[in-house]
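One structure is given below, encoded as C-alpha cells.
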Amino acid sequence: MSRLSQAKVPEHVAIIMDGNGRWAQGQGQARVYGHQSGAQRVRDVVEAAGNAGVKVLTLYAFSEENWRRPVDEVNALFSLLVSYLKQEIDQLHENKVRLRSIGFTDKLPADCQEWLRLVEARTEHNDGLQLVLALSYSGRSDLVRAMQRMAMAVKEGRLQPDDIQEQVVTEHLSTQGLPEPDLLIRTSGEQRLSNFLLWEMAYTEFYFTKVHWPEFSRDHLNEALREYADRDRRFGAVRMDKPVC
C-alpha cells in the first residue's frame, strides 16, 4: 500500500482482536490454536501500521472479563504474551517501536509483569510507533480508578471540585498522554465496544469486519485505513463547503 496523505492517516488506531477461538473451532482445532495463530498476526499488523504512518496502535489483548475464561486458556494466553515479548524485544527496539501497557497489570502473572517492565524500559526512548497493549483492562474500571484518584486529590486539597473538567479526567486515566483513538477496528463480525476505551472513543470512527483475527492481514488493515481516509469527520460541526441538508 502506498502511504496515504499524512492528513488522512489516523494518528491512533485501536483494535479489538476478536475471533481467535471461533476461528480455531471452525478449523477443527482447540481454542488455544486460535490464540497461537492470532499472536502471529500481531507482528504483521504492527509493522504495517508503522509503515502506513500510524503513530499509536492500541491492541485489546486481555480484558478484565477474560479472567472468567477456563484457567488453561488464560494460562495459555499469558504464555503466548511472554513468548511474544521475548521474541520481539530486539525487533521492536530496532524498529524504534515503544511498548506501553495499560490496565490492571498488577493482576498478571509475575513473569508477564517482569517482561512487560523489561520491554517497556528497553523501548522507553524510542520515537517510532507506540504499541499499547491493553491487559486486564476495563474501560469502566479505569474510569472508577480515575474518579478515586480525583476524589483523593480533592480530599487532600490538591484539587478543587470545580477544577474537574474533561481534561482533568483524561489525565487520570491509564491512557494519559496518548491521543484519543481516531479509528477502532474490530474483527470477527461483532459490533460492540466490549468495555474498551469508553471515555477515549467519544468521537472515534468504527470499522467492523467479519474477518477473524488470525486471518486479519496487512491488506485488511490497509483496507480499513483507506475507508477511514474517505470518511468526513466533523466532530459535531458542519462542513461549510458543502450544502446543508
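Starting from 1, each residue takes its place in the sequence as its number. Side chains included, hydrogens not; waters and symmetry mates left out as well; all remaining heavy atoms used.
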Open item on the list: Tell me the closest heavy-atom pair linking Val169 and Ala146, and the distance in Å.
Closed with: O-CB, 4.5 Å

Open item on the list: To check you understand the geometry: which heavy-atom pair defines the closest contact between Leu183 and Ala224, and what is its length?
Closed with: CD2-O, 4.1 Å

Task: Whether Tyr33 side chain and Gln27 backbone form a donor-acceptor pair below 3.5 Å - done: no

Task: Check: Tyr84 and Val119 side chains under 4.5 Å, non-hydrogen atoms - done: no

Open item on the list: Please determine whether side chain to side chain contact (heavy atoms under 4.5 Å, CB included) holds for the pair Leu85 and Leu99, giving the CA-CA distance in whole Å, both sets of side-chain angles, and the decisive distance to 0.1 Å.
Closed with: CA-CA 10 Å; Leu85 294 172; Leu99 183 77; 3.8 Å; yes

Task: Gln40: side chain to side chain donor-acceptor pair (under 3.5 Å) partners, not counting sequence neighbours - done: none

Task: Heavy-atom pair of closest approach, residues Val54 and Val56 - done: CG1-O, 3.2 Å

Open item on the list: As an exercise, state the distance from OG1 of Thr105 to CG of Leu133, rounded to the nearest 0.5 Å.
Closed with: 11.0 Å

- [ ] Begin from the C-alpha positions of Val154 and Ile164 and carry the test side chain to side chain contact (heavy atoms under 4.5 Å, CB included) through to its verdict.
- [x] CA-CA 10 Å; Val154 170; Ile164 301 176; 4.2 Å; yes

- [ ] Measure the CG-CZ distance between Asn222 and Arg226 for me, rounded to the nearest 0.5 Å.
- [x] 5.5 Å

Task: Exercise: identify the closest heavy-atom pair between Leu135 and Ala61 - done: CD2-CB, 3.6 Å

Open item on the list: Given 3.5 Å as the limit, does a donor-acceptor pair link the side chain of Asn51 with the main chain of Ala48, or not?
Closed with: no

Task: For Asp111, side-chain contact (heavy atoms from CB on, under 4.5 Å) partners two or more places apart - done: Val82, Pro109

Task: Transitive ILVMFWY side-chain link Phe216 to Leu225, under 4.5 Å - done: yes

Open item on the list: Let me check something: do Val9 and Leu57 share a hydrophobic cluster, defined by ILVMFWY side-chain heavy atoms less than 4.5 Å apart, either directly or through other members?
Closed with: yes

Task: Asn195 side-chain N/O to Arg140 backbone N/O, donor-acceptor pair under 3.5 Å - done: yes

Open item on the list: Tell me every residue that passes side chain to side chain donor-acceptor pair (under 3.5 Å) with Ser174, counting only those two or more places apart in sequence or in another chain.
Closed with: Asp142

TODO: Applying salt bridge (charged side-chain N to carboxylate O under 4.0 Å, His left out), name anything that partners Lys107, two or more places apart in sequence or on another chain.
DONE: Glu64

Open item on the list: Do Tyr228 and Met201 land in one hydrophobic cluster if side-chain heavy atoms of ILVMFWY residues count as linked below 4.5 Å?
Closed with: no

Open item on the list: To the closest 0.5 Å, what do you measure between CH2 (Trp213) and NE2 (His220)?
Closed with: 11.0 Å

TODO: Check salt bridge (charged side-chain N to carboxylate O under 4.0 Å, His left out) between Glu88 and all other residues, then give those that pass, not counting sequence neighbours.
DONE: Arg43

- [ ] Check whether any side-chain heavy atom of Tyr207 lies under 4.5 Å from a side-chain heavy atom of Glu223, and answer yes or no.
- [x] yes

Open item on the list: Do Trp115 and Leu80 sit in one hydrophobic cluster, given that two such residues count as connected whenever their side-chain heavy atoms are within less than 4.5 Å of each other, even indirectly?
Closed with: no

Table please: side-chain donor-acceptor pairs of residues 11-26 below 3.5 Å, with sequence neighbours left out.
| from | atom 1 | to | atom 2 | distance (Å) |
| --- | --- | --- | --- | --- |
| His12 | ND1 | Pro179 | O | 2.7 |
| His12 | NE2 | Thr58 | OG1 | 2.7 |
| Asp18 | OD1 | Arg22 | NH2 | 3.0 |
| Asp18 | OD2 | Arg22 | NH2 | 3.1 |
| Asp18 | OD2 | Arg186 | NE | 3.3 |
| Asp18 | OD2 | Arg186 | NH2 | 2.9 |
| Asp18 | OD2 | Ser188 | OG | 3.1 |
| Asn20 | ND2 | His35 | ND1 | 3.3 |
| Arg22 | NH1 | Glu190 | OE2 | 3.1 |
| Arg22 | NH2 | Ser188 | OG | 3.2 |
| Trp23 | NE1 | Glu215 | OE2 | 3.2 |

- [ ] Find the distance between OH (Tyr60) and CD1 (Ile102) and round it off to the nearest 0.5 Å.
- [x] 9.0 Å

Open item on the list: Measuring from atom CG of Leu197 to atom OG1 of Thr175, what distance do you get when rounded to the nearest 0.5 angstrom?
Closed with: 6.5 Å

Task: Any residue meeting side chain to side chain donor-acceptor pair (under 3.5 Å) with Thr170, in chain and number order, not counting sequence neighbours - done: Trp199

TODO: Please list, chain by chain and in numerical order, all residues satisfying salt bridge (charged side-chain N to carboxylate O under 4.0 Å, His left out) with Asp44, sequence neighbours excluded.
DONE: Arg41, Arg218

Open item on the list: Please give me the minimum heavy-atom distance between Phe104 and Ser141, naming the atom from each residue.
Closed with: CE1-CB, 3.5 Å

Task: With Arg158 via side-chain contact (heavy atoms from CB on, under 4.5 Å) - residues at least two apart - done: Met152, Ala153, Glu156

Task: Plane angle bin for Phe78 and Phe62 - parallel if under 30°, tilted between 30 and 60°, otherwise perpendicular - done: tilted

Open item on the list: If the condition is side-chain contact (heavy atoms from CB on, under 4.5 Å), which residues does Val168 pass it with, not counting sequence neighbours?
Closed with: Met150, Leu159, His172

Open item on the list: Please say yes or no: joined through hydrophobic side-chain contacts below 4.5 Å, possibly via intermediate residues, are Leu116 and Val42 part of one cluster?
Closed with: yes

Task: Between CD on residue Glu47 and CG on residue Leu129, distance to nearest 0.5 Å - done: 11.0 Å

TODO: Please report the closest heavy-atom contact between Arg192 and Phe208, naming both atoms and the distance.
DONE: N-CE2, 4.1 Å

- [ ] Could I get the full list of side chain to side chain donor-acceptor pair (under 3.5 Å) partners for Arg69, not counting sequence neighbours?
- [x] Glu73

TODO: Begin from the C-alpha positions of Ile185 and Leu221 and carry the test side chain to side chain contact (heavy atoms under 4.5 Å, CB included) through to its verdict.
DONE: CA-CA 9 Å; Ile185 299 171; Leu221 174 66; 3.8 Å; yes

Task: Residue pairs passing the side chain to side chain donor-acceptor pair (under 3.5 Å) test where at least one lies in residues 120-131, sequence neighbours excluded - done: Asp90-Arg122, His93-Asn126, Ser101-Glu120

Open item on the list: Using the rule given for side chain to side chain contact (heavy atoms under 4.5 Å, CB included), can you reason through Leu77 versus Asn66, listing the C-alpha separation, both sets of side-chain angles and the distance that settles it, and then say yes or no?
Closed with: CA-CA 10 Å; Leu77 284 167; Asn66 288 155; 5.6 Å; no

